[in-house]
**Q** 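Questions regarding the structure given below will be posed in turn.
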Amino acid sequence: MLIFALVFLFFQLMLNFSSYADMDKNSDLKTLTVGVNQISSPGIPGNISVFGPNTFGVIQDKKGQVVVAGAKYHTGRVLLWGHDGFFNKDSIESADTGRLLINSIKWTGRKPKPKVGVVNNPYLVSYLNNLGFQTKSIKIDNFAAVDVLIGGVEKASKNQQIKIIHWLKQGGAIIDSATGWGWQQLNPDQQLSTDFTGNVFYASVGLVFANGFTSDTIQDGFLAQPLPSYSTNAYFALDSLVQKAADQSKISNQEILILSNILTTAANCVPIGDQIFRPKLEKVLGGDINQQNPSPDEPITERDILQRLAMSEEIRQSRRLAAKDIKAHSSAKIFPGISPAGTPSIKRSVKVDTSIVGWHSLGLFADAGQMIHVHLPPTAVGKKIKVRMGSTTCKLWNKSVWNRAPEITNEWPLTQPETKIASSFGGLIYIVVTEATHDGSITVTIDGAVESPYYKLGQTSLQDWVQRVRYLPAPWAELASDKVILTVPATEVRELDNPKLLMQTWDRVLDLSADLAVLPKTRDYPQRYCADVQLCAGWMHAGNPIMIPSVTAKNLVASNHLINEGNWGFYHETGHMFQNPDWTFEGTGEVTVNLFTMYILDKLCNIKPEAGRMAQPDIERQYRVYFKEGSQFEQWKSNPFLALYMYYQLQQEFGWEAFKNVFAQYHELSPGQRPKNDQEKRDQWMVRFSKVVKQNLGPFFQLWGIPISESLQESVSNLPIWLPIGFPPKE
């Protein structure tokens with residue numbers, strides 16, 4: 001039935017499709033990309049959701065996500081870029097980025113040399129003036145004095161934005177940039193579609209900054225060819241989906257990838273009240289869609305486009321409802337799980353120390369669709385306290401496969417004495433302190449949740465844990481100390497007899513990390529570790545919480561495993577939380593972290609570096625091949641275990657104390673003494689280590705291919721040269 005509806009809808013939409021199909025042939029893209037072969041990539045640009053009938057992609061990544069987009073809006077024009085860094089010196093003077101900007105100014109301004117106003121970018125003003133453009137720095141309220149406005153819309157007030165949109169309709173021109181995923185990371189409790197003022201403005205044009213990560217099409221950049229097709233515009237991608245819905249075998253894997261990315265992104269990022277894309281989406285989803293519940297055994301893949309769109313809409317709509325109207329999503333029973341039928345709810349008052357920033361565990365779980373009442377004392381209202389439901393920090397919108405619903409957590413500000421909350425997915429409940437206050441604790445009362453297994457070192461009695469707490473029926477459990485909190489499926493703790501030893505072991509892991517980094521062992525807040533059936537990045541990834549796959553959760557709570565075998569992954573991610581960027585230069589982000597991994601294995605597990613992973617034959621082989629092929633720094637930077645071998649050699653000769661002594665020096669640096677770039681990071685590391693061990697390490701670094709300034713090598717030339725025995729290796 002759905003197929004017939006889609007085929008009928010296709011004929012209704014074909015007129016719109018043909019108008020955009022010609023856009024690739026018109027002068028707009030040609031004008032914008034003339035002389036542009038490739039542009040540089042400043043870090044990881046965000047993607048742009050293109051969804052209006054008069055909007056189009058200009059530059060795309062290898063998955064068809066748009067990095068630069070244009071729009072015609074009444075008689076005005078807009079050009080958006082997916083990263084602020086595109087307009088910085090390093091980027092704009094690399095590849096053809098500057099040429100694309102020049103073309104953008106001419107295309108939006110419709111003059112060879114339009115007057116340009118730049119908000120808060122002095123370098124760009126100088127750059128454009130040197131090219132002959134009439135350019136000046138302006139404040140956003142002076143937008144009407146120029147032909148082309150670059151930047152500033154995001155910071156404009158609502159009244160200013162109303163004036164700017166009227167100016168744009170009358171023929172104004174705007175070039176702007178933002179990184180959607182970056183904004184989302186800085187504002188995790190807000191919605192990019194409705195709370196980011198830039199998107200509120202540009203949504204009426206048919207463009208919004210989305211929350212995805214783009215993928216370079218060449219090293220450190222994007223090719224200008226091929227030009228983006230109509231499928232990169234969500235407005236017309238829906239037409240294509242409808243056209244081919246009756247026979248999906250006609251859709252190539254590449255088309256599937258593009259359609260899935262583009263449409264899911266638009267469904268997630270285009271504002272609910274939009275009148276351009278959403279009415280079309282509602283028509284497409286108006287048929288009888290048999291919604292699938294994603295699981296690791298039966299995931300929703302990028303080929304299940306209608307399923308992805310339907311789930312996206314369900315999640316979006318539910319987040320707008322009042323707590324009393326929210327129902328449990330059918331996939332919640334798969335993940336994060338629900339309590340057994342008949343599990344009683346409780347009312348509990350908990351003291352929260354407001355001097356500790358972050359999540360505060362309560363030992364309470366909210367079932368999907370269950371309304372929870374949160375009560376604050378009147379004196380706590382207005383202290384920027386929130387309540388959170390759900391433990392994971394991973395959103396899966398941009399993943400090609402969904403093993404669970406893509407977004408299952410939520411936070412609510414506590415601005416009243418009583419707040420009612422509910423979620424379609426449920427989860428562990430936390431009180432979130434966003435700003436530390438030192439006026440004591442507050443008492444928060446939660447009514448309607450179920451009790452979950454929760455152990456706190458020094459507070460929970462072993463007898464209560466063994467006899468009652470570990471068997472509580474909620475699907476998630478937490479084990480805590482003042483330094484560490486572990487969040488795992490409750491099934492993983494049912495047989496845990498000695499939680500005290502477990503948490504003491506994890507305290508030891510954190511203490512050892514602090515010991516190597518020469519940092520205090522006391523912590524301002526606990527380091528969290530959280531299991532999830534699917535992560536948004538990597539096998540594991542750092543943060544707070546450190547996210548781990550659920551299949552490894554049993555090892556997270558196994559003291560014998562942690563002490564006797566050790567766990568490279570857990571200790572590696574812990575090390576990321578102690579790395580110092582001053583001694584971690586390009587290519588060593590995944591290298592210096594493993595000093596902590598090896599140190600923990602050494603001191604906790606008695607697995608010495610020379611007996612651990614560095615002793616594996618494959619590492620030795622890579623090491624020898626590297627020198628045989630000429631020790632190229634680019635190769636060194638791209639192979640973390642090869643690079644680690646160099647640090648391993650230093651450790652074997654000089655021991656861990658040498659590293660501690662060097663690390664300690666960095667804590668004493670004034671802002672003016674800190675390395676300002678990669679060259680200074682490499683230079684300082686070599687010189688400081690040389691002086692600590694009283695050996696000239698310059699030749700050692702040189703033989704490894706690590707670029708060190710000649711003057712800095714000279715500064716330690718009075719010390720005796722050190723090289724490992726048999727170094728470099730002979731064939």
**Q** Do Val68 and Leu79 have side chains that approach each other closer than 4.5 Å (heavy atoms only, starting at C-beta)?
**A** yes
**Q** Would you call the rings of Phe425 and His329 parallel, tilted or perpendicular, where under 30° means parallel and over 60° means perpendicular?
**A** parallel
**Q** Looking at side-chain heavy atoms only, is the closest gap between Gln317 and Arg320 below 4.5 Å?
**A** yes
**Q** Begin with the C-alpha distance, continue with both residues' side-chain angles, and end with the deciding distance and a verdict on side-chain hydrogen bond (donor to acceptor under 3.5 Å, both in side chains) for Asn293 and Ser330.
**A** CA-CA 7 Å; Asn293 290 322; Ser330 56; 2.7 Å; yes
**Q** Can you tell if the side chain of His375 reaches within under 4.5 Å of the side chain of Val444, non-hydrogen atoms only?
**A** no
**Q** Only one of Val270, Val205, Ile262 passes side-chain contact (heavy atoms from CB on, under 4.5 Å) with Phe51; say which it is.
**A** Val270
**Q** Given side-chain hydrogen bond (donor to acceptor under 3.5 Å, both in side chains), test Asp304 with Thr301 step by step and report yes or no.
**A** CA-CA 5 Å; Asp304 304 314; Thr301 71; 3.3 Å; yes
**Q** For the pair Val66 and Asn47, evaluate side chain to side chain contact (heavy atoms under 4.5 Å, CB included) and give the outcome as yes or no after the intermediate values.
**A** CA-CA 5 Å; Val66 174; Asn47 56 335; over 6 Å; no
**Q** Atom CD of residue position Glu298 - does it have more than 12 heavy atoms of other residues, nucleotides or ligands inside 6.0 Å?
**A** no
**Q** Tell me whether Lys62 is salt-bridged to Asp216, with the criterion being a basic N under 4.0 Å from an acidic carboxylate O.
**A** no
**Q** Taking all atoms of both residues into account, what is the closest heavy-atom pair of Ala553 and Val488, and its distance?
**A** CB-CG1, 4.0 Å
**Q** Do Glu418 and His373 meet the criterion of a side-chain donor-acceptor pair at a distance under 3.5 Å?
**A** yes
**Q** Which atom pair, heavy atoms only, marks the closest approach of Ile276 to Gly52?
**A** CG2-CA, 3.8 Å
**Q** Is the ring pair Phe213/Trp181 parallel, tilted or perpendicular, if the boundaries are 30 and 60 degrees?
**A** tilted
**Q** Kindly indicate, with the supporting measurements, whether the criterion side-chain hydrogen bond (donor to acceptor under 3.5 Å, both in side chains) is fulfilled by Thr265 and Ser49.
**A** CA-CA 7 Å; Thr265 296; Ser49 183; over 6 Å; no
**Q** Using 0.5 Å steps for rounding, measure from the CD1 atom of Ile431 to the OG atom of Ser361.
**A** 11.0 Å
**Q** Under a 3.5 Å cutoff, is there a donor and acceptor pairing between the side chains of Thr55 and Tyr73?
**A** no
**Q** Quick check: do Phe236 and Ser231 have side-chain heavy atoms less than 4.5 Å from each other?
**A** no
**Q** If you measure only the distance, is there a donor-acceptor pair under 3.5 Å linking the side chains of Asn410 and Ser423?
**A** no
**Q** Out of Thr409, Ile421, Ile408, Leu428, which residue meets the side-chain contact (heavy atoms from CB on, under 4.5 Å) rule with Met389?
**A** Ile421
**Q** Is there a side-chain contact between Phe56 and Asn233 in this structure, where contact means two heavy atoms from C-beta onward sitting under 4.5 Å apart?
**A** no
**Q** Mind running side chain to side chain contact (heavy atoms under 4.5 Å, CB included) on Leu414 and Val381 for me, showing each step along the way?
**A** CA-CA 7 Å; Leu414 297 177; Val381 174; over 6 Å; no
**Q** Verify side-chain hydrogen bond (donor to acceptor under 3.5 Å, both in side chains) between Gln191 and Asp195, making sure each step is shown before the conclusion.
**A** CA-CA 5 Å; Gln191 295 297 310; Asp195 297 315; over 6 Å; no
**Q** How close do Val67 and Pro45 get, counting heavy atoms only, and between which atoms?
**A** CG1-CB, 4.1 Å
**Q** Would you indicate whether Lys63, at its atom NZ, is surrounded by more than 12 heavy atoms from other residues, nucleotides or ligands within a distance under 6.0 Å?
**A** no
**Q** When you compare the side chains of Asp84 and Ser177, does any donor N or O come within less than 3.5 Å of an acceptor on the partner?
**A** yes
**Q** So, Thr487 and Ser391: side-chain donor and acceptor under 3.5 Å apart, yes or no?
**A** no
**Q** Is there side-chain contact between Arg404 and Ile334, with heavy atoms separated by less than 4.5 Å?
**A** no
**Q** Locate the shortest heavy-atom distance separating Ser349 from Thr445; write the atom from each residue and the value.
**A** OG-OG1, 2.8 Å
**Q** Closest approach of Ile258 and Gly64, non-hydrogen atoms and distance?
**A** CG1-CA, 4.1 Å
**Q** Between Gln579 (side chain) and Gly589 (backbone), is there a donor-acceptor pair under 3.5 Å?
**A** yes
**Q** For the residue pair Arg308 and Trp402, would you count it as a cation-pi contact if the rule is NZ or CZ under 6.0 angstrom from the ring centre and within 45 degrees of the ring axis?
**A** yes
**Q** Please report the shortest heavy-atom distance between Leu192 and Asn199, naming the atom on each side.
**A** O-ND2, 3.1 Å
**Q** Does NZ in Lys420 sit with more than 12 non-hydrogen atoms of other residues, nucleotides or ligands closer than 6.0 Å?
**A** no
**Q** Measure up the Phe335 and Trp476 rings against each other and bin them: parallel (under 30°), tilted (30 to 60°), perpendicular (over 60°).
**A** perpendicular
**Q** Does a side-chain N-to-carboxylate-O contact under 4.0 Å join Glu407 and Arg319?
**A** yes
**Q** Hey, is Glu478 close enough to Arg528 for a salt bridge, meaning N to O under 4.0 Å?
**A** yes
**Q** Measure up the Phe209 and Tyr202 rings against each other and bin them: parallel (under 30°), tilted (30 to 60°), perpendicular (over 60°).
**A** perpendicular
**Q** Roughly how far, to the nearest 0.5 Å, is OG1 of Thr354 from CD of Glu435?
**A** 11.5 Å
**Q** List the steps, then state whether side chain to side chain contact (heavy atoms under 4.5 Å, CB included) holds for Ile59 with Trp81.
**A** CA-CA 9 Å; Ile59 302 290; Trp81 304 58; over 6 Å; no
**Q** Quick test of your reading: applying side chain to side chain donor-acceptor pair (under 3.5 Å), list the pairs with at least one residue in residues 335-347, sequence neighbours left out, ordered by first then second residue.
**A** Ser339-Asp367
**Q** Kindly compute the distance separating CG (Leu285) from CE (Met311), expressed to the nearest 0.5 Å.
**A** 12.5 Å
**Q** Can you list the residues that meet the side chain to side chain contact (heavy atoms under 4.5 Å, CB included) rule with Glu590, with sequence neighbours excluded?
**A** His572, His576, Val593, Pro640
**Q** Are there more than 12 heavy atoms of other residues, nucleotides or ligands under 6.0 Å from atom OH of Tyr525?
**A** no
**Q** Would a 4.5 Å heavy-atom cut-off, applied to side chains only, mark Ile546 and Gln527 as touching?
**A** yes
**Q** Report the distance from atom CH2 of Trp506 to atom OG1 of Thr574, rounding to the nearest 0.5 Å.
**A** 5.0 Å
**Q** Identify whether the distance between the nearest side-chain nitrogen and carboxylate oxygen of Arg348 and Asp447 falls below 4.0 Å.
**A** no
**Q** Flag yes if more than 12 heavy atoms outside Lys554 fall under 6.0 Å of its NZ atom; otherwise flag no.
**A** no
**Q** Once you round to the nearest 0.5 Å, how far does CE of Met540 lie from OH of Tyr529?
**A** 10.5 Å
**Q** For the atom pair CG (Asp524) and NZ (Lys483), what is the distance rounded to the nearest 0.5 Å?
**A** 12.5 Å
**Q** Can you check side chain to side chain contact (heavy atoms under 4.5 Å, CB included) on Gln184 and Cys269, steps first, answer last?
**A** CA-CA 11 Å; Gln184 190 69 81; Cys269 295; over 6 Å; no
**Q** Heavy-atom distance under 4.5 Å between the side chains of Leu238 and Leu281, does that happen here?
**A** yes
